[in-house]
*Asks:* 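This is the structure I want to talk about, given as structure tokens.
Every chain is numbered from 1, with letters handed out A, B, ... down the list of sequences.
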Number of protein chains: 2
Amino acid sequence: MTDKKLLITQTALRLFINKGIHAVGINEIIKTADVAKKTLYHHFATKEQLIIATLDYRDMLFITWMQAHMESKETAHQSITALFHALDDWFNGRAEQLGEFHGCFFINASAEYKQADCPINQRCRAHKQKVREIVASFAKQITADKRQIDFIADSICILKEGAITSALVQHDLSAGVKAIPLVEMLINSVYQNKKGNT
Amino acid sequence: MTDKKLLITQTALRLFINKGIHAVGINEIIKTADVAKKTLYHHFATKEQLIIATLDYRDMLFITWMQAHMESKETAHQSITALFHALDDWFNGRAEQLGEFHGCFFINASAEYKQADCPINQRCRAHKQKVREIVASFAKQITADKRQIDFIADSICILKEGAITSALVQHDLSAGVKAIPLVEMLINSVYQNKKGNT
DNA sequence: CCCAAAGTAGACAAGTCAGTCTACCACTAT
DNA sequence: ATAGTGGTAGACTGACTTGTCTACTTTGGG
């Protein structure tokens with residue numbers, strides 16, 4: 001990745017996040033990044049290819065950020081709770097790596113590109129699958145029951161998407177911490193279930 | 001509302017839902033609705049006014065649908081659970097009034113129009129506020145504690161948005177029913193809290 | 001009956017869109 | 001030294017964007 005290619009990707013990502021994808025044109029991107037149009041088209045064949053590059057870049061940023069906040073906790077329970085404290089940081093502008101909060105880039109991209117066979121939509125789906133797998137890896141430390149692991153992963157993903165969406169649409173910046181009591185109930189219920197089965 | 005005005009609103013709404021707002025032009029709308037361009041601009045001064053009309057129309061449809069599925073249940077608990085069964089119907093194409101599922105129109109519109117002072121964004125926020133108030137009206141039948149009412153309303157909204165978003169992005173059409181165990185835990189915890197306080 | 005409102009088709013203006021291309025410059029590795 | 005790569009500015013194409021306008025027809029209520 002050349003300096004210019006990275007600069008274009010980062011600039012496009014920031015503009016897409018701030019204004020939406022359709023709302024940002026190639027001319028605005030090159031003007032903001034202060035590069036020639038030929039340079040952009042030297043690195044990216046089409047606008048769609050650039051969008052995909054921004055999705056891949058954001059995926060890398062987000063997954064790194066998420067793992068950094070969940071790892072090295074004493075228990076898996078704490079790791080999962082930490083995710084929602086991290087969301088709270090993000091919503092309230094305390095997540096430097098992710099920048100200002102304008103909703104989840106992948107949810108927003110899915111809203112603009114809905115066709116299931118569209119590569120943009122597929123990247124969004126793949127990102128959410130990655131997130132789910134990280135949550136599931138912590139769930140495995142809580143229970144060995146596969147159905148319970150799926151239950152935790154699905155539930156946490158629903159709570160995470162719900163908090164992000166509420167923060168975006170309702171402008172409820174405390175949605176991250178509001179989800180935590182539900183997370184606690186969920187994890188406790190899985191522990192209760194283990195006790196009942198032994 | 002004239003026949004033509006309604007026809008244009010319904011056609012625009014369907015196209016916006018299927019393809020996204022920015023992705024649909026005026027020319028496509030008038031061609032699909034089979035009306036003259038002058039007719040559209042006779043009823044709507046700008047595209048933005050038309051978008052707002054589709055948001056208002058969808059708000060009316062959704063709130064009516066939601067209330068129809070929640071009312072006339074034996075308990076408020078059942079009404080709230082019924083909301084998530086209704087979501088399951090919607091995701092899986094069994095909600096005629098709402099049409100094919102392409103995510104929540106208000107979430108998607110917020111993703112495309114993020115400026116807080118933009119009238120489109122404000123309508124989306126107002127719609128979610130309406131939904132929250134309906135949930136809160138049922139929560140009031142469960143507890144008199146205002147903090148618990150807020151807790152139920154906020155939690156149910158997070159679960160609802162999370163289920164809708166998971167269904168859209170991850171293509172998880174069972175997200176509605178997956179949220180139900182969390183709903184049950186939530187309501188039960190409020191009942192437990194009442195017992196403890198009496 | 002008659003007038004105003006609502007409708008028709010479609011040309012048109014002014015701007016923006018993605019993407020191509022020319023002509024030129026700077027650097028670097030063989 | 002020279003070929004290849006990556007860079008510059010910006011003109012240009014052709015299609016599409018919202019919105020206006022002319023000229024005409026239909027329709028329904030006082």
*Asks:* Only one of Lys47(B), Lys19(B), Arg14(B) clears salt bridge (charged side-chain N to carboxylate O under 4.0 Å, His left out) with Glu28(B); which?
*Replies:* Lys19(B)

*Asks:* Nearest whole Å is fine: how far is dC16(D) C1' from Lys47(B) NZ?
*Replies:* 12 Å

*Asks:* Within the structure, does a side-chain N or O atom of His42(B) lie under 4.0 Å from either OP1 or OP2 of dT8(C)?
*Replies:* no

*Asks:* Mind running a 4.0 Å heavy-atom check of residues 30-39 of chain A against DNA chain C and sending the residues that fall below it, in number order?
*Replies:* Lys37(A), Lys38(A)

*Asks:* Look at the side chain of Glu161(B) and the backbone N and O of Ala163(A), then say whether any donor-acceptor pair between them is shorter than 3.5 Å.
*Replies:* no

*Asks:* If you measure from the Lys or Arg side-chain nitrogens to the Asp or Glu carboxylate oxygens, is any gap between Asp59(A) and Lys130(A) under 4.0 Å?
*Replies:* yes

*Asks:* Do Thr32(A) and Thr11(A) have a side chain donor and acceptor closer than 3.5 Å?
*Replies:* no

*Asks:* When you look at Phe84(B) and Trp90(B), which way does the ring pair (Phe, Tyr, Trp, His ring centres under 6.0 Å) test go after all the steps?
*Replies:* CA-CA 10 Å; Phe84(B) 290 83; Trp90(B) 181 26; over 10 Å; no

*Asks:* Rounded to whole Å, how long is the line connecting atom CG of Leu40(B) with atom C1' of dG10(C)?
*Replies:* 15 Å

*Asks:* Determine whether Phe91(A) and His171(A) satisfy the following criterion, ring pair (Phe, Tyr, Trp, His ring centres under 6.0 Å), listing intermediate values before the conclusion.
*Replies:* CA-CA 9 Å; Phe91(A) 300 163; His171(A) 303 207; over 10 Å; no

*Asks:* Run the side chain to side chain donor-acceptor pair (under 3.5 Å) test against His77(B) and tell me which residues pass, sequence neighbours left out.
*Replies:* Glu184(B)

*Asks:* Tell me: CD1 of Ile26(B) to C1' of dA15(D), nearest whole Å?
*Replies:* 18 Å

*Asks:* Ile29(B) has an atom CD1; how far is it from atom P of dT17(D), in whole Å?
*Replies:* 10 Å

*Asks:* Can you measure His43(B) atom NE2 to dT20(D) atom P for me and round it to whole angstrom units?
*Replies:* 15 Å

*Asks:* Take the protein atom CD of Gln49(A) and the nucleotide atom P of dG19(C), then report the distance between them rounded to whole Å.
*Replies:* 10 Å

*Asks:* Rounded to whole angstrom units, what separation is found between the CD1 atom of Ile8(B) and the P atom of dA6(C)?
*Replies:* 12 Å

*Asks:* So which nucleotide from dG7(C), dA18(C), dT17(D) ends up closest to the side chain of Asn27(B)?
*Replies:* dT17(D)

*Asks:* Does the distance from a Lys or Arg side-chain N to an Asp or Glu carboxylate O, for Asp154(B) and Arg132(B), drop under 4.0 Å?
*Replies:* yes

*Asks:* State whether Asp145(B) and Lys140(B) are salt-bridged, where the test is any N-O pair (Lys NZ or Arg NE/NH1/NH2 against Asp/Glu carboxylate O) under 4.0 Å.
*Replies:* no

*Asks:* Could you check how far NE2 of His22(A) sits from P of dC16(D), rounded to whole Å?
*Replies:* 14 Å

*Asks:* Are there any protein N/O atoms within less than 3.5 Å of an N/O atom in nucleotides 24-26 of chain D, and if so, which ones and at what distance?
*Replies:*
none

